[in-house]
Amino acid sequence: MAIPMVTFNNGNKFPILGLGTLAATTDECKNAVRAALDAGYRHIDTAYAYGNEADIGEVLQEYMKAGKLKRSDFFVTTKLWLTYHQPDRVLECLNLSLSKLKLDYVDLFLMHTPCAFEETGNGFIPVRADGKPAFLNLPPEETWTKGMEKAVKLGKAKNIGVSNFTCDQIDRIFKVATIKPVTNQVECHAYFNQADMHRFCQQRGILITSYGSLGSPGRAPAFRKDTDPVLMDDPVITKLAEKYKKSPGQILLRNLTQRNILVIPKSTNPARIKQNMKVFDFKLTDGEMKQIEGINTNHRLFFNDNFVGHPECPF
């Protein structure tokens with residue numbers, strides 16, 4: 001079954017499900033992308049920060065040269081890193097990504113975070129000589145209007161959006177933008193269902209893209225606490241999985257896609273990659289959607305201490 005498409009606020013179509021690639025590099029990443037493309041995925045989500053754009057680019061070129069895919073057949077998302085928020089550096093970052101991806105344009109270019117940092121040469125998330133974070137007080141709307149929009153006008157990005165933004169930050173962009181953001185990519189799952197953000201974005205014609213859709217069991221130790229609940233073990237989810245003869249992960253993905261939320265589950269396991277795609281052959285009832293809504297606790301699984309104290313910290 002083909003993956004359904006959503007329509008962005010600019011009329012462009014985009015797959016509702018894609019492959020997340022955070023923390024996947026070299027052969028592991030390449031094999032995951034191959035498995036996804038072979039299974040029928042057509043959206044690959046990456047970022048400058050993930051360090052795997054060259055791996056993804058290699059596989060995309062391999063498939064195009066073999067005649068398996070045309071450029072118009074697939075969609076690639078990448079993201080602006082936080083040291084490139086100065087308007088004159090936005091295209092510099094995007095050009096680096098395009099060079100690694102071996103592409104002329106990306107289908108979706110996101111501001112990875114609203115928090116700008118100064119490049120000090122000291123750390124990937126830079127610090128100053130005194131060890132303090134190299135915060136840069138640069139409003140994201142300035143990066144948007146003077147940098148992100150230029151990427152669309154130059155044909156280097158088909159769509160632009162944001163990630164980890166608050167409602168207030170999106171509103172500030174809306175007030176000055178010529179080109180509106182099409183999506184806000186945020187942590188979103190049954191324990192942190194982003195109901196308020198979802199409503200807010202719907203009112204403005206913005207779609208949410210979920211990361212951590214399955215409760216991110218493989219997230220880095222830095223983001224993990226022993227007290228964190230395991231979403232896929234929740235009895236509401238496991239009972240529905242039993243009823244529909246699906247995995248708990250498939251129930252969670254179906255719940256999100258029925259809310260018209262884009263999902264990018266990350267996996268490097270070919271069987272799991274295929275399984276994550278098989279979520280469009282059943283439908284949860286309204287009552288079951290309500291049941292899942294009822295397990296929301298607004299429990300955030302991703303929190304980045306590096307941004308605490310930044311004037312634009314969204315967490």
Side-chain angles (χ1 to χ4, degrees), residues 22 45 47-50 77-94 96-97 108-152 157 159-188 192 194-201 203-204 206-212 220 222-223 298 300-315:
L22 172 66
D45 178 275
Y48 176 90
Y50 297 173
T77 295
T78 196
K79 307 178 190 82
L80 178 76
W81 187 231
L82 46 71
T83 52
Y84 289 90
H85 278 215
Q86 299 94 323
D88 60 344
R89 297 200 77 202
V90 172
L91 286 175
E92 183 186 339
C93 184
L94 179 53
L96 286 169
S97 290
L108 180 56
F109 186 41
L110 306 178
M111 289 182 68
H112 207 151
T113 165
C115 301
F117 278 65
E118 189 181 329
E119 181 56 84
T120 63
N122 190 4
F124 193 60
I125 298 179
V127 294
R128 304 194 189 281
D130 59 6
K132 290 180 180 172
F135 294 157
L136 187 61
N137 191 2
L138 177 63
E141 57 267 35
E142 193 171 322
T143 304
W144 185 269
T145 54
K146 295 177 184 173
M148 297 293 289
E149 291 188 355
K150 199 178 281 186
V152 177
N159 306 282
I160 49 176
V162 295
S163 181
N164 300 304
F165 273 52
T166 64
C167 296
D168 171 67
Q169 288 161 342
I170 292 171
D171 248 353
R172 280 156 46 198
I173 283 178
F174 251 66
K175 282 174 186 164
V176 294
T178 307
I179 301 170
K180 309 294 187 194
V182 297
T183 190
N184 184 20
Q185 187 179 123
V186 289
E187 177 183 346
C188 181
F192 191 62
Q194 295 277 14
D196 292 341
M197 173 65 75
H198 191 214
R199 241 184 328 270
F200 172 90
C201 285
Q203 289 162 1
R204 287 154 184 79
I206 300 172
L207 295 179
I208 283 185
T209 300
S210 152
Y211 68 76
F223 295 117
N298 288 326
R300 192 187 283 278
L301 297 171
F302 289 87
F303 183 87
N304 199 322
D305 291 336
N306 293 297
F307 299 145
V308 174
H310 194 288
E312 298 290 350
C313 179
F315 301 116

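What you are looking at is a predicted structure, and each value in this text was computed from that prediction instead of being measured.
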Counting only N and O atoms by type, is there a donor-acceptor contact under 3.5 Å from the side chain of Thr120 to the main-chain atoms of Val127?
yes

Heavy-atom side-chain proximity of Asp171 to Phe200 below 4.5 angstrom:
yes

Can you name the salt bridge (charged side-chain N to carboxylate O under 4.0 Å, His left out) partners of Arg300, sequence neighbours left out?
none

If you compare all heavy atoms of Gln169 against all heavy atoms of Pro314, which two are closest, and at what distance to 0.1 Å?
OE1-CB, 4.2 Å

With a 4.5 Å cut-off on side-chain heavy atoms, are Met148 and Leu80 touching?
yes

Ser210 side chain to Cys188 backbone, donor-acceptor under 3.5 Å
yes

So that I know where these two stand, are His310 and Phe117 an aromatic pair - ring centroids less than 6.0 Å apart?
yes

Within-4.5 Å side-chain heavy-atom neighbours: Tyr48 and His112
no

Test item: Glu142 side-chain N/O and Pro87 main-chain N/O as donor-acceptor pair under 3.5 Å
no

Within a 6.0 Å radius of atom NZ on Lys180, are there more than 12 heavy atoms belonging to other residues, nucleotides or ligands?
yes

Can you say whether the rings of Tyr211 and Phe302 are parallel (under 30°), tilted (30 to 60°) or perpendicular (over 60°)?
perpendicular

Any side-chain heavy atom of Arg172 sitting closer than 4.5 Å to one from Val176?
no

Is a side-chain N or O of Trp144 found less than 3.5 angstrom from the main chain of Ile179, in a donor-acceptor match?
yes

Heavy-atom side-chain proximity of Asn164 to Phe315 below 4.5 angstrom:
yes

Salt bridge (Lys or Arg N to Asp or Glu O under 4.0 Å) partners of residues 122-140, not counting sequence neighbours, each pair once
Glu118-Arg128

Is a donor on one side and an acceptor on the other found under 3.5 Å between the side chain of Glu119 and the backbone of Gly121?
yes

Which atom pair, heavy atoms only, marks the closest approach of Pro181 to Gly161?
CB-CA, 4.0 Å

Identify the heavy atoms of Leu82 and Pro126 that sit nearest to each other, and give their distance.
CD1-CD, 4.0 Å

Rounded distance [0.5 Å steps], NZ in Lys175 versus OG1 in Thr145
14.5 Å

Quick one: does Phe109's side chain get under 4.5 Å of Asn159's, heavy atoms only?
no

Taking all non-hydrogen atoms of both residues, which atom of Ile206 and which atom of Thr183 are closest, and how far apart?
CG2-CA, 3.6 Å

Look up atom CD in Gln203 and atom SG in Cys167, then write down how far apart they are to the nearest 0.5 Å.
9.0 Å

Rounded distance (nearest 0.5 Å) linking atom OG of Ser97 with atom CG of Leu91:
11.5 Å

About how many Å separate NZ of Lys146 and CD of Glu141, when rounded to the nearest 0.5 Å?
10.0 Å

Treating Glu149 as the side-chain partner and Thr178 as the backbone partner, does any N or O pair qualify as donor plus acceptor under 3.5 Å?
yes

pair Ile170-Met197: side-chain heavy atoms closer than 4.5 Å:
yes

Between Phe192 and Glu187 the two heavy atoms that sit nearest each other are CD2-O, 3.5 Å

Any donor-acceptor pair under 3.5 Å linking the side chain of Trp81 with the backbone of Phe124?
yes

Quick one: closest heavy-atom pair of His85 and Thr143, and the distance?
O-OG1, 2.7 Å

Rounded to the nearest 0.5 Å, how far apart are CG of Asp305 and CD1 of Ile125?
10.5 Å

Nearest 0.5 angstrom please: Tyr84 OH to Leu96 CG, how far?
5.0 Å

Are Thr113 and Glu312 close enough that some pair of their side-chain heavy atoms sits under 4.5 Å apart?
no

Hey, is the main chain of Gln185 close enough, under 3.5 Å, to the side chain of Thr209 for a donor-acceptor pair?
no

